[in-house]
Amino acid sequence: MKLDNNQRAFFELLRAGLFPVHGERFKVNDSLFHNVDWEKVYQLAQEQSVQGIVLCGLEELRAKSLELRVPQMLLLQWIGEVQQIEQRNKEMNAFVAELIEKLRKAGIYALLVKGQGVAQCYEKPLWRCSGDVDLLLSNDNYQKAKSALIPIASEVADEDETAMHQALVINGFDVELHGKMPFSLSKRVEDGIDEVLNDLFCRGNVKSWDCNGTQVFLPSPDNDVILVFTHFLYHFFIEGVGLRQICDWCRLLYTYKDSLNYGLLESRIKAMGLMSEWKAFYNLASRYLGMPDLDSQDSQARMSDQRSSASFMFQDSSYDKKADRIMELVLKSGNFGHNKDLSYRTRYSGMTYKIVAAWRRLKDFASLIPVFPMDAPMFYLTYILGKVK
(Lines give C-alpha, C1' and ligand atoms only; values in the text may rest on other atoms or scores of the structure.)
Protein backbone atom coordinates (compact mmCIF):
# COMPACT_ATOMS: atom_id res chain seq x y z
CA MET A 1 0.00 0.00 0.00
CA LYS A 2 1.38 3.38 -1.00
CA LEU A 3 1.35 5.79 1.93
CA ASP A 4 1.59 9.57 1.71
CA ASN A 5 4.03 11.60 3.83
CA ASN A 6 1.52 12.15 6.63
CA GLN A 7 0.57 8.48 6.82
CA ARG A 8 4.21 7.39 6.90
CA ALA A 9 4.92 9.78 9.76
CA PHE A 10 1.79 8.56 11.57
CA PHE A 11 2.78 4.89 11.36
CA GLU A 12 6.36 5.62 12.39
CA LEU A 13 5.09 7.30 15.55
CA LEU A 14 2.50 4.59 16.16
CA ARG A 15 5.16 1.87 15.95
CA ALA A 16 7.45 3.73 18.34
CA GLY A 17 4.61 4.27 20.81
CA LEU A 18 3.20 0.76 20.58
CA PHE A 19 6.52 -0.99 21.14
CA PRO A 20 8.85 1.63 22.68
CA VAL A 21 11.17 -0.99 24.20
CA HIS A 22 12.00 -2.07 20.66
CA GLY A 23 12.69 1.46 19.47
CA GLU A 24 16.35 0.68 18.91
CA ARG A 25 15.34 -1.93 16.33
CA PHE A 26 13.63 0.63 14.11
CA LYS A 27 15.85 2.61 11.81
CA VAL A 28 14.12 5.95 11.82
CA ASN A 29 14.90 8.23 8.91
CA ASP A 30 14.69 11.94 9.70
CA SER A 31 13.43 12.55 6.17
CA LEU A 32 10.19 10.75 7.07
CA PHE A 33 9.17 13.83 9.03
CA HIS A 34 9.99 16.42 6.36
CA ASN A 35 7.04 18.08 4.64
CA VAL A 36 4.61 16.61 7.14
CA ASP A 37 1.24 18.21 7.82
CA TRP A 38 1.05 17.59 11.57
CA GLU A 39 -2.63 18.49 11.65
CA LYS A 40 -3.24 15.53 9.33
CA VAL A 41 -1.15 13.22 11.54
CA TYR A 42 -3.13 14.34 14.58
CA GLN A 43 -6.40 13.82 12.69
CA LEU A 44 -5.36 10.26 11.78
CA ALA A 45 -4.61 9.53 15.43
CA GLN A 46 -8.05 10.82 16.42
CA GLU A 47 -9.87 8.86 13.71
CA GLN A 48 -8.19 5.65 14.88
CA SER A 49 -8.50 6.47 18.62
CA VAL A 50 -4.73 6.12 19.18
CA GLN A 51 -3.90 9.69 20.24
CA GLY A 52 -2.08 8.53 23.37
CA ILE A 53 -0.05 5.82 21.64
CA VAL A 54 1.08 8.21 18.90
CA LEU A 55 2.00 10.88 21.46
CA CYS A 56 4.01 8.21 23.30
CA GLY A 57 5.83 7.53 20.02
CA LEU A 58 6.46 11.24 19.60
CA GLU A 59 8.09 11.35 23.03
CA GLU A 60 10.10 8.21 22.26
CA LEU A 61 11.57 9.60 19.04
CA ARG A 62 12.24 13.01 20.55
CA ALA A 63 14.19 11.21 23.29
CA LYS A 64 16.36 9.83 20.48
CA SER A 65 17.12 13.43 19.47
CA LEU A 66 14.98 13.40 16.34
CA GLU A 67 13.90 16.87 15.35
CA LEU A 68 10.12 16.72 15.07
CA ARG A 69 8.75 20.15 14.28
CA VAL A 70 5.25 19.82 15.64
CA PRO A 71 3.55 23.25 15.87
CA GLN A 72 3.54 24.33 19.50
CA MET A 73 -0.19 25.04 19.70
CA LEU A 74 -1.05 21.68 18.15
CA LEU A 75 1.32 19.88 20.51
CA LEU A 76 -0.25 21.56 23.54
CA GLN A 77 -3.72 20.62 22.27
CA TRP A 78 -2.55 17.04 21.75
CA ILE A 79 -1.01 16.81 25.21
CA GLY A 80 -4.16 18.30 26.72
CA GLU A 81 -6.33 15.71 25.00
CA VAL A 82 -4.15 12.86 26.23
CA GLN A 83 -4.30 14.29 29.75
CA GLN A 84 -8.09 14.13 29.48
CA ILE A 85 -7.83 10.50 28.29
CA GLU A 86 -5.61 9.75 31.29
CA GLN A 87 -8.06 11.38 33.71
CA ARG A 88 -10.98 9.52 32.15
CA ASN A 89 -9.12 6.23 32.56
CA LYS A 90 -8.43 6.95 36.21
CA GLU A 91 -12.11 7.68 36.77
CA MET A 92 -13.12 4.55 34.85
CA ASN A 93 -10.72 2.37 36.86
CA ALA A 94 -12.24 3.71 40.07
CA PHE A 95 -15.71 3.00 38.69
CA VAL A 96 -14.74 -0.55 37.64
CA ALA A 97 -13.43 -1.28 41.14
CA GLU A 98 -16.62 0.09 42.70
CA LEU A 99 -18.84 -1.84 40.28
CA ILE A 100 -17.04 -5.15 40.80
CA GLU A 101 -17.20 -4.72 44.58
CA LYS A 102 -20.94 -3.95 44.41
CA LEU A 103 -21.60 -7.07 42.32
CA ARG A 104 -19.39 -9.24 44.52
CA LYS A 105 -21.20 -8.15 47.67
CA ALA A 106 -24.42 -9.24 45.97
CA GLY A 107 -22.89 -12.64 45.22
CA ILE A 108 -22.49 -11.86 41.52
CA TYR A 109 -19.21 -12.73 39.82
CA ALA A 110 -18.13 -11.17 36.54
CA LEU A 111 -15.10 -11.08 34.27
CA LEU A 112 -13.93 -7.78 32.84
CA VAL A 113 -13.26 -8.26 29.13
CA LYS A 114 -11.49 -6.04 26.58
CA GLY A 115 -11.12 -2.38 27.55
CA GLN A 116 -9.46 -1.57 30.84
CA GLY A 117 -8.13 -5.10 31.30
CA VAL A 118 -6.33 -5.18 27.94
CA ALA A 119 -5.08 -1.64 28.59
CA GLN A 120 -2.80 -3.08 31.28
CA CYS A 121 -0.71 -4.65 28.49
CA TYR A 122 0.41 -1.21 27.29
CA GLU A 123 3.53 0.65 28.39
CA LYS A 124 1.25 3.50 29.45
CA PRO A 125 -2.17 1.97 30.22
CA LEU A 126 -3.74 5.33 31.07
CA TRP A 127 -2.93 6.70 27.60
CA ARG A 128 -5.10 4.15 25.80
CA CYS A 129 -8.46 5.59 24.73
CA SER A 130 -11.12 3.93 26.85
CA GLY A 131 -14.47 2.65 25.67
CA ASP A 132 -17.21 0.70 27.43
CA VAL A 133 -17.02 -1.37 30.59
CA ASP A 134 -17.71 -4.89 29.30
CA LEU A 135 -18.62 -7.57 31.82
CA LEU A 136 -18.82 -11.24 30.88
CA LEU A 137 -21.02 -13.38 33.11
CA SER A 138 -22.32 -16.93 33.37
CA ASN A 139 -26.02 -17.42 32.62
CA ASP A 140 -27.12 -17.15 36.25
CA ASN A 141 -24.86 -14.21 37.04
CA TYR A 142 -26.02 -12.40 33.90
CA GLN A 143 -29.62 -12.46 35.11
CA LYS A 144 -28.60 -11.44 38.63
CA ALA A 145 -26.45 -8.57 37.31
CA LYS A 146 -29.37 -7.19 35.32
CA SER A 147 -31.55 -7.19 38.43
CA ALA A 148 -28.83 -5.48 40.47
CA LEU A 149 -27.75 -2.83 37.97
CA ILE A 150 -30.84 -1.80 36.02
CA PRO A 151 -32.35 -0.01 39.07
CA ILE A 152 -29.26 2.20 39.42
CA ALA A 153 -28.76 2.90 35.70
CA SER A 154 -29.60 6.32 34.25
CA GLU A 155 -30.18 4.74 30.83
CA VAL A 156 -31.25 1.22 29.90
CA ALA A 157 -31.22 0.01 26.30
CA ASP A 158 -33.50 -2.70 24.96
CA GLU A 159 -32.05 -6.08 25.79
CA ASP A 160 -30.94 -8.47 23.04
CA GLU A 161 -32.23 -11.62 24.70
CA THR A 162 -30.86 -13.97 22.04
CA ALA A 163 -27.34 -12.57 22.35
CA MET A 164 -27.77 -12.09 26.12
CA HIS A 165 -26.60 -8.50 25.86
CA GLN A 166 -27.75 -5.62 28.05
CA ALA A 167 -26.39 -2.08 27.64
CA LEU A 168 -26.64 0.41 30.51
CA VAL A 169 -25.32 3.80 31.53
CA ILE A 170 -24.24 4.02 35.17
CA ASN A 171 -22.60 7.11 36.67
CA GLY A 172 -21.86 8.37 33.18
CA PHE A 173 -20.10 5.18 32.06
CA ASP A 174 -21.37 2.84 29.36
CA VAL A 175 -21.67 -0.65 30.81
CA GLU A 176 -22.39 -3.75 28.74
CA LEU A 177 -23.41 -7.06 30.26
CA HIS A 178 -22.63 -10.15 28.19
CA GLY A 179 -24.01 -13.60 28.85
CA LYS A 180 -22.53 -14.67 25.53
CA MET A 181 -19.90 -13.34 23.11
CA PRO A 182 -21.72 -13.99 19.81
CA PHE A 183 -20.08 -13.94 16.39
CA SER A 184 -23.19 -13.89 14.25
CA LEU A 185 -21.33 -14.63 11.02
CA SER A 186 -20.20 -18.21 11.55
CA LYS A 187 -21.37 -21.19 13.60
CA ARG A 188 -17.80 -22.55 13.65
CA VAL A 189 -16.53 -19.35 15.24
CA GLU A 190 -19.34 -19.29 17.79
CA ASP A 191 -18.53 -22.88 18.75
CA GLY A 192 -14.90 -21.84 19.31
CA ILE A 193 -15.95 -18.90 21.46
CA ASP A 194 -18.29 -21.15 23.45
CA GLU A 195 -15.29 -23.41 24.15
CA VAL A 196 -13.43 -20.38 25.50
CA LEU A 197 -16.39 -19.42 27.71
CA ASN A 198 -16.56 -22.96 29.03
CA ASP A 199 -12.86 -22.80 29.85
CA LEU A 200 -13.40 -19.54 31.72
CA PHE A 201 -16.51 -20.43 33.71
CA CYS A 202 -16.16 -24.20 34.19
CA ARG A 203 -12.39 -24.56 34.49
CA GLY A 204 -11.70 -21.15 35.99
CA ASN A 205 -8.87 -20.26 33.62
CA VAL A 206 -8.71 -16.58 34.51
CA LYS A 207 -6.14 -14.10 35.75
CA SER A 208 -6.55 -11.11 38.03
CA TRP A 209 -5.74 -7.40 38.00
CA ASP A 210 -5.35 -5.24 41.07
CA CYS A 211 -7.58 -2.30 40.18
CA ASN A 212 -7.34 0.35 42.88
CA GLY A 213 -7.08 -2.35 45.53
CA THR A 214 -9.91 -4.47 44.12
CA GLN A 215 -9.19 -7.87 42.61
CA VAL A 216 -10.73 -7.82 39.14
CA PHE A 217 -10.80 -11.08 37.20
CA LEU A 218 -9.88 -11.11 33.51
CA PRO A 219 -9.79 -13.91 30.94
CA SER A 220 -6.52 -15.88 30.93
CA PRO A 221 -4.19 -14.82 28.06
CA ASP A 222 -4.97 -17.94 25.98
CA ASN A 223 -8.68 -17.14 26.20
CA ASP A 224 -8.32 -13.37 25.98
CA VAL A 225 -6.46 -13.54 22.67
CA ILE A 226 -9.39 -15.39 21.09
CA LEU A 227 -12.02 -13.02 22.52
CA VAL A 228 -10.16 -9.89 21.43
CA PHE A 229 -9.38 -11.24 17.95
CA THR A 230 -12.92 -12.45 17.17
CA HIS A 231 -14.39 -9.22 18.57
CA PHE A 232 -12.46 -6.89 16.28
CA LEU A 233 -12.82 -9.31 13.35
CA TYR A 234 -16.60 -9.20 13.69
CA HIS A 235 -16.56 -5.41 13.60
CA PHE A 236 -14.16 -5.46 10.65
CA PHE A 237 -16.72 -7.40 8.61
CA ILE A 238 -19.80 -5.55 9.85
CA GLU A 239 -19.04 -1.84 10.24
CA GLY A 240 -15.30 -1.37 10.13
CA VAL A 241 -12.63 -1.54 12.79
CA GLY A 242 -9.96 0.90 13.87
CA LEU A 243 -6.32 0.52 14.74
CA ARG A 244 -7.00 0.78 18.47
CA GLN A 245 -8.60 -2.69 18.49
CA ILE A 246 -5.78 -4.16 16.40
CA CYS A 247 -3.22 -2.52 18.70
CA ASP A 248 -4.96 -4.16 21.69
CA TRP A 249 -4.50 -7.57 20.04
CA CYS A 250 -0.83 -6.83 19.31
CA ARG A 251 -0.05 -5.73 22.85
CA LEU A 252 -1.88 -8.75 24.29
CA LEU A 253 0.10 -11.17 22.11
CA TYR A 254 3.38 -9.42 22.84
CA THR A 255 2.88 -9.08 26.59
CA TYR A 256 2.14 -12.79 27.04
CA LYS A 257 4.41 -14.11 24.27
CA ASP A 258 6.35 -16.35 26.68
CA SER A 259 3.32 -17.92 28.35
CA LEU A 260 0.82 -18.45 25.52
CA ASN A 261 -0.08 -22.02 24.62
CA TYR A 262 0.68 -21.76 20.89
CA GLY A 263 -0.50 -25.27 20.13
CA LEU A 264 -3.90 -24.56 21.70
CA LEU A 265 -4.12 -21.19 19.97
CA GLU A 266 -3.35 -22.69 16.57
CA SER A 267 -5.86 -25.51 17.00
CA ARG A 268 -8.57 -23.04 18.02
CA ILE A 269 -7.95 -20.75 15.06
CA LYS A 270 -8.01 -23.68 12.64
CA ALA A 271 -11.18 -25.11 14.21
CA MET A 272 -12.91 -21.75 13.78
CA GLY A 273 -11.75 -21.53 10.15
CA LEU A 274 -10.00 -18.19 10.73
CA MET A 275 -6.39 -18.97 9.86
CA SER A 276 -6.47 -16.83 6.72
CA GLU A 277 -7.84 -13.87 8.68
CA TRP A 278 -5.28 -14.40 11.45
CA LYS A 279 -2.32 -14.48 9.06
CA ALA A 280 -3.57 -11.45 7.14
CA PHE A 281 -3.90 -9.34 10.30
CA TYR A 282 -0.59 -10.62 11.66
CA ASN A 283 1.07 -9.53 8.43
CA LEU A 284 -0.53 -6.11 8.84
CA ALA A 285 0.64 -5.91 12.46
CA SER A 286 4.21 -6.80 11.50
CA ARG A 287 4.56 -4.50 8.51
CA TYR A 288 2.58 -1.46 9.62
CA LEU A 289 2.56 -1.55 13.43
CA GLY A 290 6.05 -2.91 14.15
CA MET A 291 4.86 -6.10 15.87
CA PRO A 292 8.17 -7.75 16.88
CA ASP A 293 8.71 -11.37 15.92
CA LEU A 294 8.11 -13.66 18.88
CA ASP A 295 11.75 -14.66 18.83
CA SER A 296 12.60 -15.11 22.50
CA GLN A 297 14.18 -18.42 23.43
CA ASP A 298 11.36 -19.19 25.86
CA SER A 299 8.61 -18.71 23.30
CA GLN A 300 10.53 -20.66 20.65
CA ALA A 301 11.02 -23.50 23.11
CA ARG A 302 7.31 -23.53 23.93
CA MET A 303 6.44 -23.65 20.25
CA SER A 304 8.80 -26.59 19.78
CA ASP A 305 7.51 -28.42 22.85
CA GLN A 306 3.94 -28.07 21.60
CA ARG A 307 4.97 -29.44 18.19
CA SER A 308 3.59 -26.40 16.44
CA SER A 309 5.45 -24.64 13.66
CA ALA A 310 3.76 -21.46 14.88
CA SER A 311 4.08 -20.08 11.37
CA PHE A 312 0.83 -18.24 12.12
CA MET A 313 2.75 -16.09 14.61
CA PHE A 314 5.20 -14.67 12.08
CA GLN A 315 4.90 -12.44 9.05
CA ASP A 316 3.92 -14.38 5.94
CA SER A 317 4.79 -12.39 2.80
CA SER A 318 2.14 -14.25 0.79
CA TYR A 319 -0.41 -12.21 2.76
CA ASP A 320 1.08 -8.82 1.85
CA LYS A 321 -1.69 -7.88 -0.59
CA LYS A 322 -4.42 -8.91 1.83
CA ALA A 323 -2.83 -6.86 4.60
CA ASP A 324 -2.51 -3.83 2.33
CA ARG A 325 -6.17 -4.03 1.36
CA ILE A 326 -7.21 -4.41 5.00
CA MET A 327 -5.19 -1.34 5.96
CA GLU A 328 -6.83 0.67 3.19
CA LEU A 329 -10.22 -0.25 4.61
CA VAL A 330 -9.15 0.47 8.21
CA LEU A 331 -7.89 3.94 7.30
CA LYS A 332 -11.01 4.60 5.25
CA SER A 333 -13.53 3.54 7.90
CA GLY A 334 -11.84 4.84 11.05
CA ASN A 335 -12.50 3.53 14.55
CA PHE A 336 -15.77 1.51 14.47
CA GLY A 337 -16.78 3.22 11.22
CA HIS A 338 -15.89 6.72 12.49
CA ASN A 339 -15.55 8.02 8.91
CA LYS A 340 -18.63 6.31 7.48
CA ASP A 341 -21.99 7.95 6.92
CA LEU A 342 -24.17 6.15 9.45
CA SER A 343 -27.05 8.61 9.33
CA TYR A 344 -29.29 5.93 7.79
CA ARG A 345 -29.61 4.40 11.28
CA THR A 346 -31.77 7.30 12.42
CA ARG A 347 -33.16 8.35 9.03
CA TYR A 348 -35.09 5.15 8.37
CA SER A 349 -37.17 2.72 10.38
CA GLY A 350 -39.11 -0.52 9.97
CA MET A 351 -38.79 -2.43 6.71
CA THR A 352 -37.13 0.50 4.93
CA TYR A 353 -34.33 0.48 7.48
CA LYS A 354 -33.86 -3.28 7.10
CA ILE A 355 -33.58 -2.97 3.32
CA VAL A 356 -31.14 -0.06 3.49
CA ALA A 357 -29.06 -1.79 6.17
CA ALA A 358 -28.95 -5.03 4.15
CA TRP A 359 -27.81 -3.09 1.08
CA ARG A 360 -25.10 -1.33 3.09
CA ARG A 361 -23.95 -4.66 4.48
CA LEU A 362 -23.88 -6.15 0.98
CA LYS A 363 -21.60 -3.37 -0.27
CA ASP A 364 -19.34 -3.71 2.77
CA PHE A 365 -18.99 -7.46 2.39
CA ALA A 366 -18.50 -7.16 -1.39
CA SER A 367 -15.48 -4.93 -0.74
CA LEU A 368 -13.98 -7.75 1.35
CA ILE A 369 -14.33 -10.48 -1.27
CA PRO A 370 -10.88 -9.72 -2.82
CA VAL A 371 -9.37 -10.15 0.66
CA PHE A 372 -11.32 -13.17 1.91
CA PRO A 373 -13.03 -14.65 -1.18
CA MET A 374 -14.41 -17.69 0.65
CA ASP A 375 -15.40 -16.24 4.01
CA ALA A 376 -16.83 -12.84 3.02
CA PRO A 377 -19.78 -14.26 0.96
CA MET A 378 -20.41 -17.02 3.50
CA PHE A 379 -20.35 -14.60 6.44
CA TYR A 380 -22.72 -12.25 4.62
CA LEU A 381 -25.27 -14.96 3.93
CA THR A 382 -25.12 -16.21 7.51
CA TYR A 383 -25.53 -12.66 8.82
CA ILE A 384 -28.48 -11.82 6.58
CA LEU A 385 -30.32 -15.10 6.97
CA GLY A 386 -29.77 -15.15 10.72
CA LYS A 387 -28.88 -18.83 10.81
CA VAL A 388 -26.61 -18.50 13.82
CA LYS A 389 -28.70 -19.24 16.89
Side-chain angles (χ1 to χ4, degrees), residues 103 108-115 117-118 132-146 159-167 175-208 216-239 241 245 248-249 252-253 256 259-278 281 306 308 312 372 374-376 378-389:
L103 291 173
I108 303 167
Y109 298 92
L111 292 176
L112 182 69
V113 293
K114 303 176 290 182
V118 175
D132 303 332
V133 175
D134 290 278
L135 299 179
L136 179 61
L137 307 104
S138 64
N139 290 353
D140 288 344
N141 282 312
Y142 172 76
Q143 301 300 336
K144 293 177 182 177
K146 282 196 305 175
E159 180 187 10
D160 185 335
E161 295 183 3
T162 302
M164 295 185 71
H165 173 263
Q166 178 67 67
V175 177
E176 295 195 9
L177 307 180
H178 302 273
K180 298 179 180 178
M181 296 294 286
F183 188 91
S184 54
L185 306 175
S186 165
K187 182 65 164 59
R188 291 178 67 183
V189 177
E190 289 217 340
D191 287 344
I193 295 173
D194 286 344
E195 178 188 320
V196 167
L197 300 189
N198 186 64
D199 195 44
L200 290 171
F201 293 126
C202 297
R203 300 187 186 93
N205 281 330
V206 299
K207 59 186 175 71
S208 65
V216 177
F217 288 105
L218 314 171
S220 66
D222 289 324
N223 292 321
D224 215 3
V225 166
I226 295 295
L227 295 180
V228 169
F229 179 67
T230 54
H231 173 71
F232 83 67
L233 189 63
Y234 172 81
H235 285 288
F236 171 73
F237 277 100
I238 293 299
E239 60 186 2
V241 73
Q245 286 70 39
D248 283 354
W249 177 61
L252 189 61
L253 286 171
Y256 296 103
S259 60
L260 286 173
N261 184 331
Y262 293 96
L264 175 62
L265 181 56
E266 183 175 24
S267 67
R268 283 175 166 177
I269 296 168
K270 286 181 176 178
M272 291 187 291
L274 297 179
M275 188 55 76
S276 180
E277 285 82 356
W278 181 280
F281 275 96
Q306 294 159 18
S308 168
F312 68 106
F372 302 116
M374 297 295 291
D375 286 345
M378 181 184 68
F379 286 173
Y380 176 74
L381 287 175
T382 304
Y383 177 76
I384 291 298
L385 298 176
K387 290 183 177 178
V388 177
K389 303 298 182 183

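Each residue takes its place number in the sequence, starting with 1.
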CA sep, side-chain torsions, deciding dist, call: Gln166, Gln143, side-chain contact (heavy atoms from CB on, under 4.5 Å): CA-CA 10 Å; Gln166 178 67 67; Gln143 301 300 336; over 6 Å; no

Open item on the list: side-chain contact (heavy atoms from CB on, under 4.5 Å) for Phe372 and Phe379? Distances and angles first, verdict last.
Closed with: CA-CA 10 Å; Phe372 302 116; Phe379 286 173; over 6 Å; no

Could you go through the side-chain contact (heavy atoms from CB on, under 4.5 Å) check for Leu185 and Asp375 one step at a time? CA-CA 9 Å; Leu185 306 175; Asp375 286 345; over 6 Å; no

Residues Phe201, Tyr109; criterion side-chain contact (heavy atoms from CB on, under 4.5 Å); working and verdict | CA-CA 10 Å; Phe201 293 126; Tyr109 298 92; over 6 Å; no

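Contact record, Leu112 with Gly117: CD2-N, 3.9 Å, taken as the closest heavy-atom pair. Closest approach of Asp134 and His178 over heavy atoms only: OD1-NE2, 2.8 Å. In this structure, Asn139 and Gly179 approach most closely via the heavy-atom pair OD1-O, 4.1 Å. Of all heavy-atom pairs spanning Leu227 and Pro219, the tightest one is CD1-CG, 4.0 Å. Scanning both residues, Thr382 and Ser186, for their nearest heavy atoms gives CG2-N, 4.2 Å. Between Glu277 and Phe229 the shortest heavy-atom distance is C-CZ, 4.0 Å.
Checked by atom type and distance alone, the side chain of Glu190 pairs as donor or acceptor with a backbone atom of Phe183 at under 3.5 Å. A side-chain donor-acceptor contact under 3.5 Å links Lys180 to the backbone of Thr162.
Note: Asp248 CG to Leu253 CG = 11.0 Å, rounded to the nearest 0.5 Å. Atom CD1 in Ile193 sits 7.0 Å away from atom CE in Met272 (nearest 0.5 Å). Atom OH of Tyr383 sits about 4.5 Å away from atom CD1 of Ile238, to the nearest 0.5 Å. Atom-to-atom distance recorded for Trp278:CH2 and Leu233:CG is 10.5 Å, nearest 0.5 angstrom. Note that CD1 of Ile108 and OG of Ser138 are 10.0 Å apart. Values are rounded to the nearest 0.5 Å. The line from CG of Leu135 to NZ of Lys114 is 10.5 Å long, rounded to the nearest 0.5 Å.
Exactly one residue among Lys207, Arg203, Arg268 makes a side-chain hydrogen bond (donor to acceptor under 3.5 Å, both in side chains) with Asn223. That residue is Arg268.
Within the 4.5 Å cutoff, no side-chain heavy atoms of Asn141 are placed close to those of Leu103. Between Leu265 and Ile226 the shortest side-chain heavy-atom distance falls below 4.5 Å.
Using a 30° and 60° split on the angle between ring planes, Phe281 and Phe232 fall in the perpendicular class, above 60°.
With 3.5 Å as the limit, one finds a donor-acceptor pair spanning the side chains of Asp199 and Asn205.
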